[in-house]
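Notes follow the structure.
For reference, positions follow the sequence shown, starting with 1. Note that ligands are numbered from 1 as they come in the structure, with each ligand's atoms numbered from 1 the same way.
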Amino acid sequence: MKIDSLETLLIHEMKDLYSAETQIEKALPKMEEAASSEELKAAFREHLEETKGQIKRLEEIFEHMRYAPTGEHCEGCEGLIKEGEEIIESIDKGDVRDAGLIGAAQRVEHYEMAGYGTAVAFARKLGHDKIADILTKTLEEEGKTDRILSRLAESEVNVEAMATA
Ligand SMILES: [Fe+2]
């Protein structure tokens with residue numbers, strides 16, 4: 001896709017996020033399966049539901065703007081998900097793997113927050129306030145997930161991981 005304006009740059013950014021979200025939608029059930037902590041499993045499950053809603057939001061924005069959501073592959077997210085898979089492959093099920101999964105998931109959340117933050121700023125600059133508001137909802141959900149993961153990392157999961165080290 002040729003990017004020749006802030007509007008097409010916004011479209012590009014959102015296509016990238018759409019690709020990221022659909023990759024995350026596939027990865028989250030594997031992360032839930034790989035986790036031991038019930039709280040962590042629940043956090044992944046809850047975020048899967050949110051992610052489905054986030055995908056829908058992007059589809060609605062694209063429909064409104066008359067662009068297809070597809071056409072980009074988010075390499076950054078692919079790399080982050082691959083790192084999560086490496087954690088699963090190299091650490092046996094248990095507290096230490098959970099701690100690693102939280103780290104991998106938080107990297108993904110921060111990556112998404114950067115992407116949505118940028119998209120919100122572009123949309124506002126273009127006067128697309130409704131789109132900016134919709135994207136802000138997703139940005140807030142990613143932030144909330146990140147805080148939940150931080151809390152889990154600080155509470156049971158990492159403490160137990162240290163105890164078994
Ligand atoms: Fe997301």
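- Counting just the N/O/S atoms of E112, the one with the shortest distance to the Fe ion (ligand 1) is named OE2.
- A donor-acceptor contact under 3.5 angstrom links the side chains of H47 and E142, judged on distance only.
- Among the atoms of Q54, an N, O or S atom falls under 2.8 Å of the Fe ion (ligand 1).
- Inclusion of E141 in the first shell of the Fe ion (ligand 1) is not supported: no N, O or S atom falls under 2.8 Å.
- Between K137 and E50 there is no salt bridge, since no side-chain nitrogen of the basic residue lies less than 4.0 Å from a carboxylate oxygen of the acidic one.
- With no hydrogens or angles considered, no side-chain donor-acceptor pair links E13 and Y116 at under 3.5 Å.
- Using a 4.5 Å heavy-atom threshold, the side chains of R124 and D133 count as touching.
- Within the coordination shell of the Fe ion (ligand 1), defined by N, O or S atoms under 2.8 Å, E109 is absent.
- One finds an angle of 150° at the Fe ion (ligand 1) between OE2 on E142 and OE1 on E21, to the nearest 10 degrees.
- For the residue pair E154 / S150, no side-chain donor-acceptor distance below 3.5 Å is found, with atom types taken as modelled.
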